[in-house]
Amino acid sequence: MSILIKGGRVIDPAQGIDEVLDVLIEDGKIAKIDKGLKGKGEAIDAAGMIVTPGLIDIHVHLRDPGYEYKEDIVSGTRSAAAGGFTSVACMPNTNPVTDSKSVVDYIVGKAAREGFVNVFPVGSITKGLKGETLSEIGELKESGCPAVTDDGRPVVSGELMRRALEYARPFGVTVISHAEELSLVGEGVMNDGFVATELGLKGIPWVAEDACVARDVMLAEYTGARLHIAHVSTRGAVEIVRQAKARGVRVTCEATPHHFTLTDEAVRGYNTNAKMNPPLRGADDVAAVRAGLADGTIDAIATDHAPHHIDEKNVEFNIALNGIVGLETALPLALRLVEDGVLSLNDLVARFTVGPARAIDIPRGTLKDGVPADVTVINPNLEWTVEPQKLQSKSKNTPFGGWKMKGAAIYTIVGGKVVWRRES
Amino acid sequence: MVFRHKHILGIEHLSRDDIQTILDTAENFREINSREIKKVPTLRGKTIINLFYEASTRTRTSFEIAGKRLSADTINISASGSSVSKGETLEDTARNLEAMHPDIIVMRHAASGAPHYLAERIGCSVINAGDGAHEHPSQALLDLLTIRQHKKTFEGLTVAIVGDIAHSRVARSNLYALTRMGAKVRLAGPGTMIPPGIERLGAEVYTDIREAIRDADVVMMLRIQLERQGKTLLPTLREYARFYGLNQENLKLAKGDAIVMHPGPMNRGVEISSYVADGNQNVILEQVENGVAVRMALLYLVAGGESKE
């Protein structure tokens, strides 16, 4: 079995490649990247296309086991493939919680049998996500978890977060922080500010995020452990990470497409598809997140793909669940940043490939000879309109319905196999 | 002119002309309330459901009387707690009510935006009787009617609204209504009760009640609800009364003919002293009286009645 991708602009930031080249895939591995290659098998004409290492999303809720009515490993990885992602890291707030080898084994096994893309389960920091005792982080790593997080909640106790970092460090496990100071969040349901005032909704101030990011960055500095900050959304959080990196702290962070695209204005009309955590922020925060992506403070674009059933969104704003689906809209939203001159196409590809791969230390994100052939072929000029009902995800909770998009993955190749091919 | 709004979800969506029309219509209805036979056949055959998810005596009774005096059939539904704890979603409740073909649903709900949610999913008219900390349009309109009766015009008036602005739907609706009609609005309250950006809605913000009520034409006090707003916003009601309460002393700073308003229910001795509440500048019961006329006007106008020129 071989695939030859001919004449595309190959961008692999990990190797510093940005050139029109051919990519030859043989036996599931990258065999060669060069000009004028010939192959026996399938040929993909990639003239005018962009060929990149398979995109990686390190923040996805696959909802399996436990919440299969929202999403499962099959539908979630199909959604990932349709969005151009070849690897996803799934969050542990499943039922049962991904806090033991048996749950990790289930996810890894089902993904291998039925999934469309690579799945890297992220284990929980604390047993049952309760914030009381550490999960068996050593065995989680052994079973296939590159990282741990209590995503959806912060580790409230500073002491426990310190111990998690100290304990995870020798296992080479990245600790991912969902950073919010809950006492400052209170009953808030959207960003604290003028829009919340007008709508009469309780606000979540930026300081709730900044305070917890600062604590966790300092704990990483104190312990020397690897820390990754999930979904930064505020000017302060970006700045805290920027300064920490300058001091040599081993910290990385990610930002979501919705946090670099939308402001809290999107909540107007009590739009529950604009309700997420962290909340959509103000225009200056959006500008800061974009600047952080541009200067490399933010290592990865991650979607925080959070499928919810319509019954969980079609309710009063106060009680609607947080989050939106994101896998199938991330790439074109990110391409807008290139269009807007925020960052180069090269940097954009880096934030989808080598950046996230290094953040949680997974052997992906490059087209080096001999690595598993995960490749995404992108048509940067393909124009399409987001129709929520046509998304591959089981859930349709997106604020981008009706948006005109430019750019899409046309081939998603995982381990040398085409798992997704866009028809139009 | 024809009143074009099917729903009354908030003052935000009403123009100056709309407000004028409602106040003029209410003024016409006031006379009915002092007749011996307080009933006209205007809305005969219409069905009005008062759907109250939050406890209310004044507003619910006022809407009910308003409907009855216009000969509509009025039904009261009190639902306690949120839709989640009750097991039925708001959407299902809406559909079930719609199946009974009401003409108007008057809704109060603790969640900001709940009446908007209902209006998007139901064929009949929806009148917001207070949603969370968002809007309480009929309250603002009855306040305006009361102010107009005393001050004739809104142009050039200074209105001080004092209390928990952050959690007050009355404050927001009055702010929209008063600024739209040309009055100047001052807001005052403790630092914990002033929401961010409120000045962008056209208000002047004060932290000292004395500065806020100095030379004001109208002083409107808001109810303090310690049980609802949690214990972190204020040390004690005693201290609140000292720094933010209206009393005979600080009321002297307002214009000599200033009127004192309160949407009720009052906490005597907290946000308003009894001397002021019962004093000759208070118009609090006039507000309640005007409430019936304003709600008659709203029911009449959304039911398709044309305003009298």
Side-chain angles (χ1 to χ4, degrees), chain A residues 69 181-208 234-236 263-275 279-285 308-322 397 399 401, chain B residues 9-10 12-13 53 81-86 88-95 107 109-121 128 130-136 165-173 175-176 187 193-203 205 228-230 232-233:
Chain A
Y69 68 96
E181 168 56 49
L182 291 181
S183 66
L184 288 168
V185 172
E187 294 169 349
V189 293
M190 70 169 292
N191 184 45
D192 196 32
F194 176 63
V195 181
T197 293
E198 260 197 288
L199 296 180
L201 293 172
K202 286 197 174 143
I204 303 172
W206 51 258
V207 64
T234 63
R235 174 175 290 281
T263 67
D264 55 4
E265 292 285 335
V267 178
R268 287 189 190 282
Y270 301 94
N271 178 7
T272 57
N273 281 330
K275 185 180 180 190
L280 296 173
R281 302 286 187 181
D284 59 330
D285 295 303
H308 287 300
H309 194 272
I310 179 141
D311 291 348
E312 295 161 332
K313 283 291 194 182
N314 189 13
V315 292
E316 301 91 307
F317 192 88
N318 282 4
I319 57 171
L321 295 186
N322 286 313
N397 50 315
Chain B
L9 300 178
E12 194 189 348
H13 309 290
Y53 282 86
S82 71
S83 53
V84 217
S85 64
K86 297 293 285 183
E88 188 179 61
T89 64
L90 188 52
E91 166 138 64
D92 283 337
T93 305
R95 284 187 186 161
M107 184 199 215
H109 202 289
S112 298
H116 308 68
Y117 177 100
L118 192 70
E120 282 169 15
R121 288 163 178 78
N128 180 1
D131 64 321
H134 181 227
E135 282 230 41
H136 192 350
I165 310 299
H167 299 91
S168 176
R169 51 196 176 211
V170 176
R172 280 173 185 70
S173 286
L175 177 54
Y176 285 124
L187 301 175
M193 294 177 166
I194 303 291
I198 191 79
E199 66 284 349
R200 286 173 57 189
L201 293 179
V205 177
R228 178 181 293 180
Q229 284 123 30
T232 57
L233 301 185

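Keep in mind it's a predicted model, so treat the numbers as computed, not measured. Numbered from 1 within each chain, the chains take letters A, B, ... in sequence-line order.
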Parallel, tilted or perpendicular, as decided by the 30° and 60° cut-offs, for the rings of A/Y270 and B/H134
perpendicular

Under a 4.5 Å heavy-atom cutoff, which of B/G197, B/P196, B/S168 has the most pairs with chain A?
B/P196

Taking all non-hydrogen atoms of both residues, which atom of A/T197 and which atom of B/P195 are closest, and how far apart?
OG1-CB, 3.3 Å

Compare every heavy atom of A/N318 with every heavy atom of B/S112, then report the nearest pair and how far apart it is.
N-ND2, 4.4 Å

Which region of [X], side chain (C-beta onward) or backbone (N, CA, C, O), has a non-hydrogen atom less than 4.5 Å from a non-hydrogen atom of chain A, or is it both or neither?
{"X": "B/R172", "answer": "side chain"}
{"X": "B/E12", "answer": "side chain"}
{"X": "B/A166", "answer": "neither"}

Find the distance between OG1 (B/T89) and CD (A/E312) and round it off to the nearest 0.5 Å.
12.5 Å

Heavy atoms from other residues, nucleotides or ligands near CD1 of A/I310 exceed 12 (cutoff 6.0 Å):
no

Could you please spell out the steps behind the side chain to side chain contact (heavy atoms under 4.5 Å, CB included) verdict for B/H116 and A/L199?
CA-CA 11 Å; B/H116 308 68; A/L199 296 180; over 6 Å; no

With sequence neighbours left out, write down each residue that passes salt bridge (charged side-chain N to carboxylate O under 4.0 Å, His left out) with A/R268, or none if nothing qualifies.
A/E198, A/E265

Partner chain B: residue of A/N314, A/L201, A/D192 with the largest heavy-atom pair count (under 4.5 Å)
A/N314

Taking ring pair (Phe, Tyr, Trp, His ring centres under 6.0 Å) as the test, write out the residues that go with B/H136, two or more places apart.
none

